[in-house]
*Asks:* 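Got a structure here, written out as structure tokens. Questions coming.
Quantities reported herein were computed from a predicted structural model and do not represent experimental measurements.
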Amino acid sequence: MTQPVFLLGIVGGSASGKSRLAEALARHYAPRGAYVIPEDDYYIDATSIPDFNPDTFNFDEPAAKEHDLLAAHLGALKTGRPVEAPLYDFATHRRRPDTVVRTPAPVVLVEGLHLLASEAIADTLDLAVFVDACSLTRFERRLQRDVTERARTPESVKHQFETIVEPMHARHVEPQRDRADLVLENMGEPDFEALARPVIERVETGRRK
């Protein structure tokens, strides 16, 4: 008999802390073979986008990702089948030539901006968590991250945040809050081990709303 796969979705705005919460949960469930699938790996390859410009491209709308493929992969994992998942390179804005084999595990985490914006993805999740942080907090975290990790200038980060990130947050990300099973506030200096506790409790009891 195939061992059940518990799919745990972590959703939230850019730089809300969803990735680090997912990592904390993966560490907790490491003895069960848990791992994290980033929704970002399912960004559409820039080579398939006419006149692609990373400074103006809207990375913050659901259409920027191949959600059908992610939903299919999550569905396969739920039924006990491994998948060959893409890997995305933010430096080139292309999918890497290599892939990663994802295998079924008792707990599989998937994190990203738009998981609950896709009905197909939302339907595969056993528990959906929304990580909430105010606009200023998210901007300060994103500025530090994009300058140090993604080779962006402070000016380009600020412009993109004001013209794309925040409008798309209001349109696509914030509405997902009401669709989540659990909402966590992550303001100020985060403590991800503490933030993970109510999620662990819900996973262990298998409770949704």
*Asks:* Would you say Ile44 and Ile164 are hydrophobically clustered, going by side-chain heavy atoms of ILVMFWY under 4.5 Å?
*Replies:* no

*Asks:* Applying side chain to side chain contact (heavy atoms under 4.5 Å, CB included) to Phe6 and Leu127, what does each step give before you reach the verdict?
*Replies:* CA-CA 8 Å; Phe6 190 97; Leu127 184 70; 3.8 Å; yes

*Asks:* Looking only at non-hydrogen atoms, find the nearest pair between His67 and Ser118 and report the distance.
*Replies:* ND1-CB, 3.9 Å

*Asks:* In sequence, state the C-alpha distance, the side-chain angles, and the governing distance for Arg94 and Asp89, and then conclude on side chain to side chain contact (heavy atoms under 4.5 Å, CB included).
*Replies:* CA-CA 6 Å; Arg94 298 179 180 180; Asp89 186 341; 5.6 Å; no

*Asks:* So, for Asp132 and Arg177, which heavy atoms are closest and what is the spacing to 0.1 Å?
*Replies:* OD2-NH1, 2.6 Å

*Asks:* Mind checking whether Pro54 and Phe90 have side chains closer than 4.5 Å, heavy atoms only?
*Replies:* no

*Asks:* A quick test of your reading: do over 12 heavy atoms of other residues, nucleotides or ligands sit less than 6.0 Å from CG of Asp68?
*Replies:* no

*Asks:* Which distance, rounded to the nearest 0.5 Å, do you find between the CG of Leu87 and the OH of Tyr42?
*Replies:* 9.0 Å

*Asks:* If every non-hydrogen atom of Ala128 is compared with every non-hydrogen atom of Leu116, which pair is closest and at what distance?
*Replies:* CB-CD2, 3.8 Å

*Asks:* Do Phe59 and Asp40 come close enough that some side-chain heavy atom pair is under 4.5 Å?
*Replies:* no

*Asks:* Establish whether Tyr43 and Leu74 are linked, either directly or via other cluster members, by ILVMFWY side-chain heavy-atom contacts under 4.5 Å.
*Replies:* no

*Asks:* Just checking His93 against Phe57, ring centres under 6.0 Å apart?
*Replies:* no

*Asks:* When you look at Val173 and Phe130, which way does the side chain to side chain contact (heavy atoms under 4.5 Å, CB included) test go after all the steps?
*Replies:* CA-CA 10 Å; Val173 179; Phe130 186 92; 4.1 Å; yes

*Asks:* Taking Gln176 for its side chain and His172 for its backbone only, find out whether a donor-acceptor pair lies under 3.5 Å.
*Replies:* yes

*Asks:* Output a table of donor-acceptor pairs, distance under 3.5 Å, between side-chain atoms of residues 102-115 and any protein atom two or more places apart or on a different chain; print 'none' if there are none.
*Replies:*
from   : atom 1 : to    : atom 2 : distance (Å)
Glu111 : OE1    : Ser19 : OG     : 3.1
Glu111 : OE2    : Ser19 : OG     : 3.2
His114 : ND1    : Lys65 : NZ     : 3.1
His114 : NE2    : Asp60 : O      : 3.2

*Asks:* Any side-chain to backbone donor/acceptor pair from Asn186 onto Ser16? Under 3.5 Å, distance only.
*Replies:* yes

*Asks:* Backbone N or O of Val157 within a donor-acceptor pair of the Arg152 side chain at under 3.5 Å?
*Replies:* no

*Asks:* Supply the atom-to-atom distance Arg141 CZ to Asp146 CG, rounded to the nearest 0.5 angstrom.
*Replies:* 14.0 Å

*Asks:* What are the two closest non-hydrogen atoms of Thr79 and Arg81, and how far apart are they?
*Replies:* OG1-NE, 3.1 Å

*Asks:* Heavy atoms, side chains only, cut-off 4.5 Å: are Ser14 and His169 in contact?
*Replies:* no

*Asks:* Any donor and acceptor pair, going by atom type alone, linking the side chain of Asp126 with main-chain N or O of Leu8 inside 3.5 Å?
*Replies:* no

*Asks:* Is the shortest distance from a Lys or Arg side-chain nitrogen in Arg95 or Glu66 to a carboxylate oxygen in the other one below 4.0 Å?
*Replies:* yes

*Asks:* If you look only at distance, which donor and acceptor atoms sit under 3.5 Å apart when one is on a side chain in residues 21-34 and the other is two or more places apart or in another chain?
*Replies:*
from  : atom 1 : to     : atom 2 : distance (Å)
Arg27 : NH2    : Glu193 : OE2    : 2.9
Tyr29 : OH     : Glu204 : OE2    : 2.8
Arg32 : NH2    : Glu204 : OE1    : 3.3
Arg32 : NH2    : Glu204 : OE2    : 3.2

*Asks:* Consider only side-chain heavy atoms of I, L, V, M, F, W and Y, link residues closer than 4.5 Å, and tell whether Val36 and Val100 are in one cluster.
*Replies:* no

*Asks:* At their closest point, which heavy atom of Leu195 faces which heavy atom of Leu184, and how far apart are they?
*Replies:* O-CD1, 3.4 Å

*Asks:* Determine whether Tyr88 and Glu39 satisfy the following criterion, side chain to side chain contact (heavy atoms under 4.5 Å, CB included), listing intermediate values before the conclusion.
*Replies:* CA-CA 10 Å; Tyr88 187 81; Glu39 183 193 29; over 6 Å; no

*Asks:* Should the heavy atoms of other residues, nucleotides or ligands under 6.0 Å from CD of Glu174 be counted, would the total exceed 12?
*Replies:* yes

*Asks:* Quick check for you: to the nearest 0.5 Å, what is the distance between Ser135 atom OG and Arg142 atom CZ?
*Replies:* 11.5 Å

*Asks:* Of the options Val83, Ile37, Asp41, Thr124, which is the one that meets Leu70 in a side-chain contact (heavy atoms from CB on, under 4.5 Å)?
*Replies:* Ile37

*Asks:* Please check if the number of heavy atoms outside Arg20 that lie under 6.0 Å from its CZ is greater than 12.
*Replies:* no

*Asks:* Going by the rule salt bridge (charged side-chain N to carboxylate O under 4.0 Å, His left out), which residues pair with Arg96 if we only count those two or more places apart in sequence or in a different chain?
*Replies:* Asp98

*Asks:* Answer yes when Glu166 and Arg138 have at least one side-chain N-carboxylate O distance shorter than 4.0 Å, and no when they do not.
*Replies:* yes

*Asks:* Determine, using the 4.5 Å side-chain heavy-atom cutoff (strictly less than), whether Met168 and Phe161 are members of one ILVMFWY cluster.
*Replies:* no

